[in-house]
Amino acid sequence: MLKKGIKICFILAVLYVLYQIIDLDELILLLQGVSIYWFSLAVLIAFLDLCVMGYKWGILLHAGGINTNSLDLILVYLRSKVLMLFVPSTLGVDAYKTMHLKKKYGVEVARGAASIFIERLLGALSSIALICLLLYFFVKIVPLPFENLAVFSALCLFLILNGVLCWLLINISKLDTYRKSWSEKNRMYVILSMIIGHFNDLSENINYVFLYFYYSIAEKLLTGLAVYVCILALGNVEVDFLFVLAATPLLALLERLPISFSAIGVREGLFVFLFLPFGYGPEVAVSVALILRFSEFFQMAICSLFWLVGSGSAYLQKPKLEG
């Protein structure tokens with residue numbers, strides 16, 4: 001209850017600050033001029049993003065020895081987007097995905113939770129990897145101290161992430177030594193065992209794990225593309241496309257901080273800083289943030305239809321693993 005109160009206070013504080021610095025008449029004028037064409041494209045890109053997320057989740061599950069149907073997992077992601085309206089965080093969505101694996105494919109709850117934990121872990125690593133790869137385009141607009149060294153270090157970090165992931169998959173069995181020292185009565189014992197066990201399964205198909213990893217990096221570019229399309233929807237606003245792609249994964253990570261609900265206030269504040277290098281006021285930044293939110297609501301409206309759709313197993317074949 002205290003955490004909810006703190007989040008509500010944070011949201012109110014940010015909204016109050018934005019209210020003080022924003023010209024509401026200009027904000028309304030900007031929103032009235034939104035291009036329906038670009039707005040519709042933003043909704044389509046966001047929809048495609050969910051489809052890719054569902055498909056690549058299937059690759060990771062298959063690499064871990066869990067046989068699923070690709071279209072079914074895409075439908076799970078489409079449905080979970082609507083579910084986010086009714087649950088306080090992504091934990092509720094993860095619980096839904098875990099229970100779906102149990103009900104549909106007979107996967108133990110602990111194993112399903114372990115697979116989703118690994119999915120989240122690899123997703124966070126892919127965000128960091130994308131930031132490293134695109135940092136050059138960020139520092140071109142927002143200079144950093146020792147920017148050449150920063151870019152070089154970021155590229156080195158990208159290679160290190162790949163190396164660490166490969167090492168972890170090859171040597172995960174060594175962690176059994178630590179696991180066996182835990183008491184079976186410890187409530188974390190089962191989930192820890194499942195995580196290590198699932199990593200062991202993944203080590204049998206390292207190439208598919210890296211396929212998932214690079215799919216995740218590419219998929220996160222769709223989020224940046226959606227933001228840029230929302231900017232185009234405003235009309236006479238010019239920003240650097242590659243800068244937006246480079247900044248978006250960092251903003252997405254910051255939005256996940258547990259200080260708000262659905263990043264309300266956080267996204268708007270971050271977008272203000274996003275547009276500062278181009279000389280635009282907070283009205284433009286908040287307009288883009290609102291367009292992005294509206295596109296998500298339209299996306300949820302479309303996704304709500306997929307609660308009525310079956311698994312459709314006949315439409316997509318299961319990915320085949322080799323080796």
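On a predicted model such as this, the values are computed, not experimentally measured, just so you know.
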Subject >> Nearest non-hydrogen partners of C132 and A154, listed with the distance >> reply: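 Looking at all heavy atoms of both residues, the shortest contact is CB-O, 3.1 Å.
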Original post:
If you look at every heavy atom in P277 and V142, which pair is closest and at what distance?
Top reply: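 Heavy atoms only, the tightest pair is CG-CG2, 3.7 Å.
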**OP:** Decide yes or no on side chain to side chain donor-acceptor pair (under 3.5 Å) for S216 and K56, but give the supporting numbers first.
**Re:** CA-CA 8 Å; S216 294; K56 67 185 180 69; 3.1 Å; yes
If Ile, Leu, Val, Met, Phe, Trp and Tyr residues are connected whenever their side-chain heavy atoms lie under 4.5 Å apart, and connections chain through other members, are [X] and [Y] in the same group?
X: F273; Y: I231; value: no
X: L290; Y: L29; value: no
X: L270; Y: I21; value: yes
X: V164; Y: W167; value: no
X: L251; Y: L276; value: no

Does any non-hydrogen side-chain atom of [Y] lie less than 4.5 Å from one of [X]?
X: I131; Y: L253; answer: yes
X: V288; Y: V237; answer: no
X: F271; Y: V227; answer: yes
X: V43; Y: F39; answer: yes
X: V76; Y: W57; answer: yes
X: L31; Y: I291; answer: yes
X: L225; Y: F241; answer: yes
X: L60; Y: L202; answer: yes

Original post:
Going by the angle between their ring planes, with limits at 30° and 60°, are F243 and F138 parallel, tilted or perpendicular?
Top reply: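 Correct class here is parallel.
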**OP:** Please report the C-alpha distance between C51 and F47 in whole Å, then the side-chain angles of each, then the deciding distance to 0.1 Å, and finally whether the side-chain contact (heavy atoms from CB on, under 4.5 Å) criterion is met.
**Re:** CA-CA 7 Å; C51 293; F47 184 83; 3.9 Å; yes
**OP:** Could you walk me through whether E268 and V272 pass the side-chain contact (heavy atoms from CB on, under 4.5 Å) test, one step at a time?
**Re:** CA-CA 6 Å; E268 288 73 16; V272 170; 5.9 Å; no
Check for a donor-acceptor pair, side chain of [X] on one end and backbone N or O of [Y] on the other, with a separation under 3.5 Å.
X: E283; Y: E26; result: no
X: Q20; Y: V17; result: no
X: N205; Y: Y208; result: no
X: Y19; Y: L24; result: no

Looking at [atom1] of [X] and [atom2] of [Y], how far apart are the two atoms once the value is rounded to the nearest 0.5 Å?
X: R293; Y: R267; atom1: CZ; atom2: CZ; value: 4.5 Å
X: D94; Y: S80; atom1: CG; atom2: OG; value: 9.0 Å
X: Y77; Y: D49; atom1: OH; atom2: CG; value: 10.0 Å

Original post:
Which of these passes side-chain contact (heavy atoms from CB on, under 4.5 Å) with I264: L12, V14, I11?
Top reply: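 Among the candidates, only I11 passes.
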Original post:
Knowing that exactly one of L73, L71, N67 qualifies, which makes a side-chain contact (heavy atoms from CB on, under 4.5 Å) with N69?
Top reply: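 The single option meeting the side-chain contact (heavy atoms from CB on, under 4.5 Å) with N69 is L71.
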Original post:
Stepwise, does the side-chain contact (heavy atoms from CB on, under 4.5 Å) test hold for F275 with V239?
Top reply: CA-CA 8 Å; F275 283 88; V239 297; 3.9 Å; yes
Report, as yes or no, whether the 6.0 Å neighbourhood of atom [atom1] on [X] holds more than 12 heavy atoms from other residues, nucleotides or ligands.
X: Y136; atom1: OH; answer: no
X: E255; atom1: CD; answer: yes
X: F210; atom1: CZ; answer: yes
X: Y215; atom1: OH; answer: no

Original post:
Side chains of N162 and Y214: is there a donor and an acceptor less than 3.5 Å apart?
Top reply: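 Yes, side-chain donor-acceptor contact under 3.5 Å.
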Original post:
Between D240 and K140, does at least one N-O distance fall below 4.0 Å, as a salt bridge requires?
Top reply: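 So D240 does not pair with K140 through a salt bridge.
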**OP:** With side-chain contact (heavy atoms from CB on, under 4.5 Å) as the test, would you mind laying out the steps for Y212 and S126 before giving the verdict?
**Re:** CA-CA 10 Å; Y212 171 86; S126 66; over 6 Å; no
